[in-house]
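Take a look at the structure set out below.
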Amino acid sequence: MLKELLLQFILSLLPVFAFQLWHDKEQSWKGMSVFMGIFCGASMVFCMITAPNVFGYEVGFYIIPYLIGSLYGGVPTLTALSFIYIGMRIPMLDSVWEFVSFILFIVGFVSLIMLSVRSFDRASVVRKKRKAIILMSVMMLYFIITITGYVSISEVSWSVMMTVLLVLAVAATLSATWLSIFMIENVKEKQLLHMEVKRLSANYRDEVEKLQQFIDETSFGVIVIDREGRITNFNRMATQLLCLRPEYTGAKQLLGAPFPVIFQSGQCDACVKMLYQALNGNKSSLVPFVNGDKKLLLSTISLRTSLNGQNTGAALIAQDVTELRQLQDEVGRMERLSLVGQMAASITHEIRNPMAVIRGFVQLIQERSPKNQQEYFRIIMEELDRANMIISDFLSLAQNRSLTMEPSSLHDIINELIPLLNADANMRGQTIEVSLCKDLPMIMLNDREIKQLFLNISRNGMEAMGDKGSLRISTSYYGSKIELRIADQGVGISPDQMKHLFEPFFSTKTQGTGLGLPLCLSIAERHNGRIDVESKEGEGTAFIVTFFLPEERAS
Ligand code: ADP
Ligand code: MG
């Protein structure tokens, strides 16, 4: 009899063992009710077939898979298992008492499970165990009552053996229930833990990849070392910015190498010193560093564990500030120039008034002077006019005032000035060729300024050509922009001169002011345009003034 009870015990745990195997493979909670239905159903059938007969009463442990399957599989499994139970049990019923107790059991069991299945799913492990044990105890109580009833009806007398077996069966059922819940929950917990570890390691891998990408792509040069001073990470920028020894420029040689040997001695001693300090836990501030024509800012950080602050290594960070420094120098120079310009502008303005007075009096003296001195007066007046012109140019450059713009035709302005240029060219023995495009739209212009720009560039071209050559003036319209091209066949501009072309006071002419082109550039920019120069020494120069039409300013 004991053997049979042991067999019942093992058969009732069959779904739990199967669940353990299934879960190790499947790793998902889907299909739980189907699985429970199949295995608990099978376990129930086996338990019922092999149930031992204790003095005429069948003591089967089928109630365990029935309960466990219903609790974990939910209502669908409860329904399926109930059908199996009813189908198996009905042919075994051989008395009215058994029939009545069977009906009572089915009604009681199903309604009890229905009541607890929802809250069971969400309960903690301890509560699940408690619930299952309480439910099973209720069942056991019911069975004890029915067995007592059965014994009293069938007039079988109680024996000690019978009591011992009954107590054993009840104890085995309760412990099998507890064991089932314990094992299923254990598997589930292990599974959750496994999933959590997987999620965490995927997150960790993502973060490491992001960090590596950041190190690879950043414009900073980065070298990371471990506690022993060996290189554990670096990026391409570091190999470009820092003076590493030629044999240490590839990942193969660098990774794992001790940091003091990778730097060229002498030049990069500062890097080595800073890394030593960082390894000793001293954080450095930004240190300026020059490597050839590169200006760098170096800094180091010491790396520590967040847990106990233990030193795990250090990192050297190099920032290329060459362009930034150039920009700073340029801005400083511009600021100084602008200040000087403003001062000069106000001084020149003040010079105009005494000059006007001088010119007036010179004119007066000229009228009263003998004829042989008239030439001197002409020269004085000419020079005064030239000085005045320089002041006017300079003031229009420095003032940068806002303009009144009107819709005008660039061609009208050019046509108006061509006779003037022709006369000039004739005197020099040069020719002017004009080729204007068709259907040029009107654009917003300040006539006076555009005339000034056109004359300045054209005169520069004529001055560059000497006593022969042709000045070609042409226009083109490209939809989004208008181009005015003034090309000469003069001496051309050397690359060295080209760098200073638009700087105020840059002139190669003895009588030049060096203000013409800066003025032209500021006029072009005020008209939403720009000036490009194409030049070949000895062949000629072309100045291309581009006017961008509204909303379509290109870079
Ligand atoms: P300026 O004509 O008073 O010298 P600009 O600002 O007009 O001043 O011109 C500056 C300098 O640029 C000139 O002195 C000359 O060296 C150079 N330059 C300008 N235009 C031309 C050109 N078409 N061909 C050659 N050099 C030119
Ligand atoms: Mg000029």
Side-chain angles (χ1 to χ4, degrees), residues 200-335 495 499 554-555:
L200 280 178
S201 65
N203 275 0
Y204 175 76
R205 211 181 33 243
D206 272 7
E207 292 305 316
V208 168
E209 267 172 21
K210 271 188 227 160
L211 191 70
Q212 190 57 47
Q213 263 178 32
F214 172 76
I215 291 178
D216 289 345
E217 305 292 326
T218 183
S219 57
F220 294 96
V222 180
I223 289 183
V224 185
I225 57 171
D226 63 13
R227 209 178 333 186
E228 276 77 46
R230 295 185 183 277
I231 312 289
T232 55
N233 207 337
F234 74 97
N235 63 3
R236 204 167 38 86
M237 212 54 185
T239 58
Q240 287 172 4
L241 293 179
L242 298 165
C243 29
L244 302 185
R245 285 162 72 177
E247 60 268 35
Y248 286 109
T249 41
K252 245 188 183 175
Q253 303 84 23
L254 266 176
L255 290 176
F259 76 87
V261 305
I262 65 163
F263 295 105
Q264 286 177 20
S265 56
Q267 285 190 52
C268 271
D269 285 353
C271 301
V272 178
K273 202 172 139 200
M274 285 172 75
L275 274 171
Y276 267 125
Q277 283 172 350
L279 268 185
N280 290 332
N282 301 327
K283 187 176 175 242
S284 78
S285 48
L286 290 173
V287 176
F289 180 78
V290 180
N291 179 19
D293 54 353
K294 285 194 190 87
K295 293 189 176 74
L296 309 176
L297 280 179
L298 297 181
S299 60
T300 47
I301 42 173
S302 48
L303 306 170
R304 299 164 190 283
T305 54
S306 56
L307 214 61
N308 53 8
Q310 220 184 0
N311 207 332
T312 57
L316 173 74
I317 299 156
Q319 186 184 358
D320 187 357
V321 288
T322 318
E323 274 179 35
L324 194 75
R325 282 282 139 84
Q326 276 169 2
L327 215 71
Q328 277 173 347
D329 291 352
E330 187 69 11
V331 170
R333 208 174 62 85
M334 296 296 276
E335 275 172 0
K499 282 189 221 154
S555 62

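Nothing here was measured: the structure is a model prediction, and the numbers come from that model. Because only heavy atoms are used, hydrogens play no part in the values below, and waters and symmetry mates are left out as well, while side chains stay in. Along the sequence shown, residues carry numbers from 1.
Applying the side-chain hydrogen bond (donor to acceptor under 3.5 Å, both in side chains) rule to Gln328 yields the partners Arg325; only residues at least two apart in sequence or on another chain are considered. Partners of Phe214 by ring pair (Phe, Tyr, Trp, His ring centres under 6.0 Å), not counting sequence neighbours: none found. Taking Glu330 as the reference, Arg333, Met334 meet the side-chain contact (heavy atoms from CB on, under 4.5 Å) condition, with sequence neighbours excluded. Residues meeting the side-chain hydrogen bond (donor to acceptor under 3.5 Å, both in side chains) test with Ser201, sequence neighbours left out: none. Taking the side-chain contact (heavy atoms from CB on, under 4.5 Å) definition, one finds that Leu297 meets it with Leu286, Pro288, Gln319, Val321, sequence neighbours left out. For Glu247, the salt bridge (Lys or Arg N to Asp or Glu O under 4.0 Å) partners are Arg245, not counting sequence neighbours. Ala318 meets the side-chain contact (heavy atoms from CB on, under 4.5 Å) test with Leu241, Leu242, Leu298; sequence neighbours excluded. Evaluation of the ring pair (Phe, Tyr, Trp, His ring centres under 6.0 Å) rule for Phe234 yields no partner, not counting sequence neighbours. Partners of Asn308 according to the side-chain contact (heavy atoms from CB on, under 4.5 Å) rule, which considers only residues two or more places apart in sequence or in another chain, are Thr305, Gln310.
When only modelled atom types and interatomic distance are considered, Asp216 and Gln212 share a side-chain donor-acceptor pair under 3.5 Å.
Distance alone, capped at 3.5 Å, places no donor-acceptor pair between the Glu207 side chain and the Tyr204 backbone. For Asn291 (side chain) and Leu296 (main-chain N/O), no donor-acceptor pair under 3.5 Å exists by modelled atom type. Panel note: side chain Asn235, backbone Ile215; a donor-acceptor pair is recorded below 3.5 Å.
Sorted by first and then second residue, the salt bridge (charged side-chain N to carboxylate O under 4.0 Å, His left out) pairs with a member in residues 288-315 form an empty list; sequence neighbours excluded. Applying the disulfide bond (SG atoms under 2.5 Å apart) definition to pairs two or more places apart or across chains, none involves residues 288-324. The list of disulfide bond (SG atoms under 2.5 Å apart) pairs with a residue in residues 230-265, not counting sequence neighbours, reads Cys243-Cys268.
Between Arg236 and Thr239, some side-chain heavy-atom pair lies under the 4.5 Å cut-off. Side-chain contact between Thr300 and Ile317 is absent, with no heavy atoms from C-beta onward closer than 4.5 Å. The closest side-chain heavy-atom distance from Thr232 to Leu255 is not below 4.5 Å. Taking 4.5 Å as the limit, some side-chain heavy atom of Leu254 sits within range of a side-chain heavy atom of Ile262. Looking at heavy atoms from C-beta onward, Phe263 lies in side-chain contact with Ile223 at the 4.5 angstrom threshold.
Taking each heavy atom of Cys271 and Leu316 in turn, the nearest pair found is CB-CD2, 4.0 Å. The minimum heavy-atom distance between Gln264 and Pro246, with the atom names listed, is NE2-CD, 4.4 Å. Contact detail for Ala314 and Leu275: the closest heavy-atom pair is CB-CD2, 4.3 Å. A pairwise comparison of heavy atoms in Ser302 and Asn311 identifies CB-OD1, 4.4 Å as the closest pair.
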Pair Met237-Val222, side-chain contact (heavy atoms from CB on, under 4.5 Å): steps then yes or no: CA-CA 7 Å; Met237 212 54 185; Val222 180; over 6 Å; no
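In this structure, OG in Ser299 is found 13.0 Å from CZ in Phe289, a value given to the nearest 0.5 Å.
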